[in-house]
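To start, the structure itself, in structure tokens.
Only heavy atoms go into these numbers, but all of them, side chains included; no hydrogens, no water, no symmetry mates. Since this is a predicted model, take the numbers as computed values, not measurements. Chain A is the first sequence line, chain B the second, and so forth, proteins listed ahead of strands; every chain is numbered from 1.
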Amino acid sequence: METYTTTVGGQDVLVHVGPDFGPMPAPGVLGLDVESTYLTDRAQFDPAFKVRTVQFATEQEAWVLDVTDPAQRATAAGILTDTAFSFCSHTNMDVLSVLAEFGIDIADRNIDTRALAIMADPDKDNDRDLKTLGTLYGMDELRQDDESLYAWMQARWVDAGGRKNAAKAHIEQVGWDALASLPVDELPDRFFIYAGKDAIVCRRLLPLLIPATQAPAELLRIEQWLAATCNRIQARGLRVDENELNSLLAYARAETGDAERVAKEITGGITLRSPKLQGWFGEHGVEWDDWTGALTPKGTPSLAKENVKLIGDFPLDEQGRAVFDALIKFRRSLDLLNKCEGISARIVDGRIHPLLNPVGATTTARMSSSGPNLQNMSKTDRRMRGMFLPDPGHELWTIDFDQVELRVVAGLAREEKMIETILAGGDLHQLTVDELAAMGVTISRQVGKMANFLIVYGGGPKALAEQAGIPLDIAAEVVYGIRERYPAINALTIYMSGMKDEVRTISGRRLPVTVNRKTGDVRSYANVNYLVQSSARELLVDAWHRFAVDFGHDGVVWWPVHDELVLQVPTGEQAAQIIADAERAMTLDFMGVPITASAVRLVDEQGVSRWMPGDVAEKIAKGKS
DNA sequence: TGCCCTTGCGCG
DNA sequence: AAAGCGCGCAAGGGCA
């Protein structure tokens, strides 16, 4: 064993490297970090993935164990298995790595310091890697060591013939990959020292970050539960109908490829995604000034969803018509293509394992998903969600809150008209229509719905005019009318916009106010949205926790989508009870406002359970009966 | 050529 | 005075 003496936060620490582990650390919380083979798209789920070293640390001492050595591996496994130890690590990567390498699930015994760092400082613009946090909390050595390691990697990479002017991030990536493929016994000392210090810094951050969150203990407790639960969902993965995936992939490649070829030929090289295409259409019959569809934030015509078809309503010339047809064909399959490629690149044993980040939305702590993002699968193209199947012997159900954000804002503001309507089982969008009618402003229910979203999102006349395709003066009447007819919400908006420092959710979570980058102004109009969006997220997580823990249905949630839980329920008699419990868990009183939810069984026309939007499943069920 | 920033669009 | 919020991903376009 080699022991290095170095410093963290100006204090001497020891980093033990090697086979003779030395005295065991006392039971308690250890900083944990692993180094692995380089990460492919499939990351820890790649069959070739291997952990190379495991680092444990107290605040003063780190042990770096070479997992390729059987004795050290056994020592590491012993500590990881021993429930007298719990761990803290940065991100959930180490938890997944330990599971992949050792088959040991430490999710319940691990605290994610990165998640704590977000709670401590939810400003989206700030970095939260260990070395940045280390510097922030008086442990700058990690940054220094990182630079030393970087210099080593740069020399190695440039010597190996890399581009001399490559960006630092690029060299770092290549450097880490190079390190990851070196045999462990050829790694430089500074690598092990860095690795050990990583774990020490992580361990030292824990007691610093917890008070920095200023979060109530109950909130921290539920976040801990959620993090472990999200980890297990990722590890379990989602089953993919691979035949369907492959046929969709072939179809989407052919469709988009054909369309792209045709369009390029006619336009002389303009792709079907290029902003230049709109100018081209302008020369082939489209009067953009007469565009009646929605606009993008930039004010150019939006071609999202069905909008793109509006181009066909203009008197196009022959070339314009041909490119339009190609564009329609392209747009119909582009999203499908991208999603299928993403899924295909990550499939392992018929499953994908997207990250489910419990606090992915830094500003509001909503959950996010990536690799691939499973929270933005198309609802209009059923084939995308339809690729995902429950495990054998199970079926999928979906249960979602009804208009949860509007109800939350109604409750927080105590907007009596809204609350009465909710209690009476009425329609909040129609209420807005009726309230405006009382002021002599006539709008459709569709615009009433958009107007209600403005309340939640903090929008103004311009946004409504653009999205609804109505004149600015009418939109202004709607917006100002709403402020008058919903005085309590208006008061809440004014009250919240007075908060220039932070916003607190119903659970006491601190949220940041945000700043307009160009003007430097505080975007205080967004505060109501942050409060509402984040509080609604907490209501969902609380309901999920009740369902999993209080009702004893741990592991039943298949995938969450903000205000919705998709459930994977064993087929059979107990299914009805599980669904009933889910409905009970998601039915609650929020400040006198009932929050309700209803479950839908997801079964296609052939009687096969697969993922799909709830309203689609309801239509299928109706068609059958 | 590769990197970085912006834009658009899917979901909520 | 006015201000649509939060994500992840792919691709375009400017730049070196």
Quantified in whole Å, what is the C1' atom distance between nucleotide B/dC9 and nucleotide C/dG4?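 Per the computed distance, 16 Å lies between those C1' atoms.
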
Side chains of A/Asn357 and A/Ser368: donor-acceptor distance under 3.5 Å anywhere?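 There is no such pair between these side chains.
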
Base, sugar-phosphate alone, or nothing: which one does [X] contact when heavy atoms must sit under 4.0 Å apart?
X        : result
A/Lys339 : nothing
A/Arg523 : sugar-phosphate
A/Met367 : nothing
A/Tyr530 : sugar-phosphate
A/Arg537 : nothing
A/Gly342 : nothing

Check DNA chain C against residues 257-271 of chain A and give the residues with a non-hydrogen atom under 4.0 Å, in numerical order.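 Heavy-atom cutoff 4.0 Å gives A/Thr271.
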
Would you jot down, in residue-number order, the residues of residues 463-487 of chain A having a non-hydrogen atom under 4.0 Å from DNA chain C?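 When residues 463-487 of chain A is checked for heavy atoms under 4.0 Å from DNA chain C, the hits, listed by number, are A/Ala463, A/Gln467, A/Tyr480.
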
Runs of at least three consecutive pairs that involve DNA chain C, where pairs are Watson-Crick or G-U with distances under 3.5 Å: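 If one scans DNA chain C for consecutive Watson-Crick or G-U pairs, the stems found are B:1-12 with C:5-16.
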
Contacting residues from [range], given that a heavy atom lies under 4.0 angstrom of DNA chain B:
range                       : answer
residues 326-336 of chain A : A/Arg331, A/Asp335
residues 502-519 of chain A : none
residues 297-308 of chain A : A/Lys298, A/Thr300, A/Ser302, A/Leu303, A/Ala304, A/Lys305

When you match A/Gly460 and A/Ser274 each to their closest nucleotide on DNA chain C, which lands nearer the 5' end?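 Its nucleotide being nearer the 5' end, the pick is A/Gly460.
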
Give me the first and last nucleotide of DNA chain C, going 5' to 3', that has any atom under 4.0 Å from a heavy atom of chain A.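 Nucleotide range with atoms under 4.0 Å of chain A: C/dA2 to C/dG13.
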
Pairing residues for A/Trp397 by the ring-ring contact (aromatic ring centres under 6.0 Å, His included) criterion, not counting sequence neighbours: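 ring-ring contact (aromatic ring centres under 6.0 Å, His included) check on A/Trp397 returns nothing, list empty.
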
Partners of A/Tyr457 by ring-ring contact (aromatic ring centres under 6.0 Å, His included), sequence neighbours excluded?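 Per chain and number, A/Tyr457 pairs via ring-ring contact (aromatic ring centres under 6.0 Å, His included) with A/Phe453.
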
Over how many whole Å does the gap from [X] atom [atom1] to [N] atom [atom2] extend?
X        : N      : atom1 : atom2 : answer
A/Leu406 : B/dG12 : CG    : C1'   : 13 Å
A/Asp125 : B/dC5  : CG    : C1'   : 14 Å
A/Asp615 : B/dC11 : CG    : C1'   : 14 Å

What are the two closest heavy atoms between A/Trp291 and A/Asn307, and how far apart are they?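 In this case the closest contact between A/Trp291 and A/Asn307 is CH2-O, 3.4 Å.
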
Applying salt bridge (Lys or Arg N to Asp or Glu O under 4.0 Å) as the test, list every pair that has at least one member in residues 475-498 of chain A; sequence neighbours left out.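 The answer is A/Glu435-A/Arg485.
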
Quiz question: going by heavy-atom distance under 3.5 Å, is there a donor-acceptor pair between the base of B/dG8 and the side chain of A/Arg273?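 A donor-acceptor contact between them is absent.
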
Going by heavy atoms in the side chains, are A/Arg366 and A/Ser534 under 4.5 Å from each other?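 Answer no - side chains too far apart.
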
Going by the ring pair (Phe, Tyr, Trp, His ring centres under 6.0 Å) test, which pairs reach into residues 524-544 of chain A, not counting sequence neighbours?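 Output for this query lists A/Trp225-A/Trp544.
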
With sequence neighbours left out, which residue pairs that include part of residues 463-517 of chain A fulfil the ring pair (Phe, Tyr, Trp, His ring centres under 6.0 Å) condition?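 Output for this query is empty, none listed.
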
A/Asp615/A/Lys379 salt bridge by N-O under 4.0 Å criterion: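 Salt bridge absent between A/Lys379 and A/Asp615.
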
Consider the side chain of A/Gln533, meaning its heavy atoms from C-beta on, and name the nucleotide among B/dG8, B/dG12, B/dG10 that approaches it most closely.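 So the nucleotide nearest the side chain must be B/dG12.
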
Can you figure out which of B/dC9, B/dG12, B/dC11 approaches the side chain of A/Thr296 most closely?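 From the listed options, B/dC9 comes nearest.
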
